[in-house]
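Written out below as structure tokens is the structure these notes cover.
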Amino acid sequence: MRITGDGTTGGTPARSDGGPYPLHGSAVGSARRQPDSTPVGQVGGDQTPAQIGYRGPTACAAAGITYRQLDYWARTGLVEPSVRPAYGSGTQRLYSFRDVVVLKIVKRFLDTGVALQNIRTAVQHLRDRGFRDLERMTLMSDGATVYECTSPDQVVSLLQGGQGVFGIAVGVVWRDVESALSQLHGERVDTGETLVGHNPADELAARRNRAV
């Protein structure tokens with residue numbers, strides 16, 4: 001799928017042979033998807049609120065961004081904390097594991113010069129996908145357009161067509177964040193207890209098991 005921030009498809013149309021699919025703003029959450037993708041909310045208990053949250057400094061460390069970036073992205077609605085927003089002085093934002101993955105992807109997009117409006121659309125698309133969809137997804141871009149690929153053949157197709165200049169394997173980012181957070185502090189949402197060296201893979205595995 002293709003992202004073009006202005007809500008128009010433009011360029012190469014979505015293919016009928018299984019992708020890659022270009023994402024575009026007006027179709028996020030409703031654009032044509034891979035036949036084997038699973039609706040959000042039915043994968044790994046995505047509708048269950050996160051039990052573990054990560055404070056701003058922890059999210060920054062795992063995503064490789066500054067606190068100034070984190071704060072600006074939250075205030076402008078680019079990447080907002082899904083566990084707990086900041087309600088005012090003295091409150092701490094809490095980010096979910098998925099939020100931190102998205103933060104790291106946004107950082108990589110910005111570093112490679114992708115337009116901010118396209119990044120916003122990509123962020124919404126990532127939030128709408130299930131955990132298993134994210135793990136196998138690769139986002140390709142030529143700087144102006146972002147495509148979703150879920151197979152090596154789709155990546156090759158974009159490269160051959162000159163549309164994929166760089167790519168982000170979401171599964172690799174996922175594992176990088178997972179590893180980083182396992183060395184940092186998390187916080188239980190229900191009790192406020194600080195967890196040292198909590199591995200987010202444990203919670204994600206539990207979500208998948210609940211869906212089986």
Side-chain angles (χ1 to χ4, degrees), residues 1-5 11-12 14-15 17-24 28-29 31-38 40 43-44 46 54 59-65 69 73 78-79 95-116 118-184 199-201 203-205 207-208:
M1 297 181 183
R2 178 185 179 186
I3 301 170
T4 63
T12 305
R15 292 168 47 165
D17 58 355
Y21 292 118
L23 305 174
H24 55 91
V28 171
R32 183 174 182 178
R33 294 181 175 180
Q34 298 289 356
D36 61 344
S37 65
T38 307
V40 175
V43 180
D46 275 16
Y54 303 93
C60 289
I65 62 175
Q69 287 175 310
W73 296 350
L78 179 59
V79 184
Y95 291 81
S96 69
F97 172 79
R98 182 200 290 262
D99 293 339
V100 182
V101 171
V102 172
L103 286 169
K104 194 174 184 72
I105 290 172
V106 168
K107 171 67 161 53
R108 292 192 178 181
F109 273 141
L110 287 173
D111 287 347
T112 51
V114 176
L116 182 60
N118 289 344
I119 295 175
R120 287 185 181 277
T121 308
V123 166
Q124 184 58 53
H125 180 73
L126 290 169
R127 289 191 179 282
D128 288 344
R129 301 307 292 265
F131 278 102
R132 290 174 186 166
D133 291 328
L134 293 180
E135 286 180 291
R136 67 192 181 194
M137 182 189 300
T138 297
L139 297 175
M140 300 289 294
S141 179
D142 56 6
T145 303
V146 179
Y147 295 84
E148 174 195 335
C149 303
T150 55
S151 75
D153 288 343
Q154 294 174 8
V155 174
V156 171
S157 176
L158 280 178
L159 290 173
Q160 290 177 338
Q163 296 154 305
V165 176
F166 66 89
I168 299 175
V170 179
V172 173
V173 175
W174 179 290
R175 290 186 290 275
D176 286 348
V177 170
E178 197 172 71
S179 176
L181 289 177
S182 69
Q183 308 299 317
L184 300 169
N199 192 337
E203 182 185 5
L204 299 175
R207 288 188 176 198
R208 295 189 188 94

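Note that the CG atom of L134 and the NE2 atom of H125 stand 8.5 Å from one another [nearest 0.5 Å].
For the pair S179 (side chain) and D176 (backbone), a donor-acceptor distance under 3.5 Å is absent. With R127 contributing its side chain and R98 its backbone, the two residues share no donor-acceptor pair below 3.5 Å.
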Does N118 form a side-chain contact (heavy atoms from CB on, under 4.5 Å) with T145? I'd like the steps, not just the answer. CA-CA 7 Å; N118 289 344; T145 303; 5.6 Å; no
Between Y54 and L181, is the side-chain contact (heavy atoms from CB on, under 4.5 Å) condition met? List the steps. CA-CA 9 Å; Y54 303 93; L181 289 177; 3.8 Å; yes
Using side-chain contact (heavy atoms from CB on, under 4.5 Å), reason through L126 and M137 one step at a time and then give a plain yes or no. CA-CA 10 Å; L126 290 169; M137 182 189 300; 3.9 Å; yes
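Nearest heavy atoms, V155 versus C149: CG2-CB, 3.9 Å. For L184 against A61, the heavy-atom pair with the smallest separation is CD1-CB, 4.0 Å.
Residues M140 and L159 meet the side-chain proximity criterion, which asks for heavy atoms closer than 4.5 Å.
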Would you list the atom pairs, donor with acceptor, under 3.5 Å between side chains in residues 101-116 and any protein atom, with sequence neighbours excluded?
residue : atom : partner : partner atom : Å
K107    : NZ   : D111    : OD2          : 2.8
T112    : OG1  : R108    : O            : 3.0
T112    : OG1  : F109    : O            : 2.9

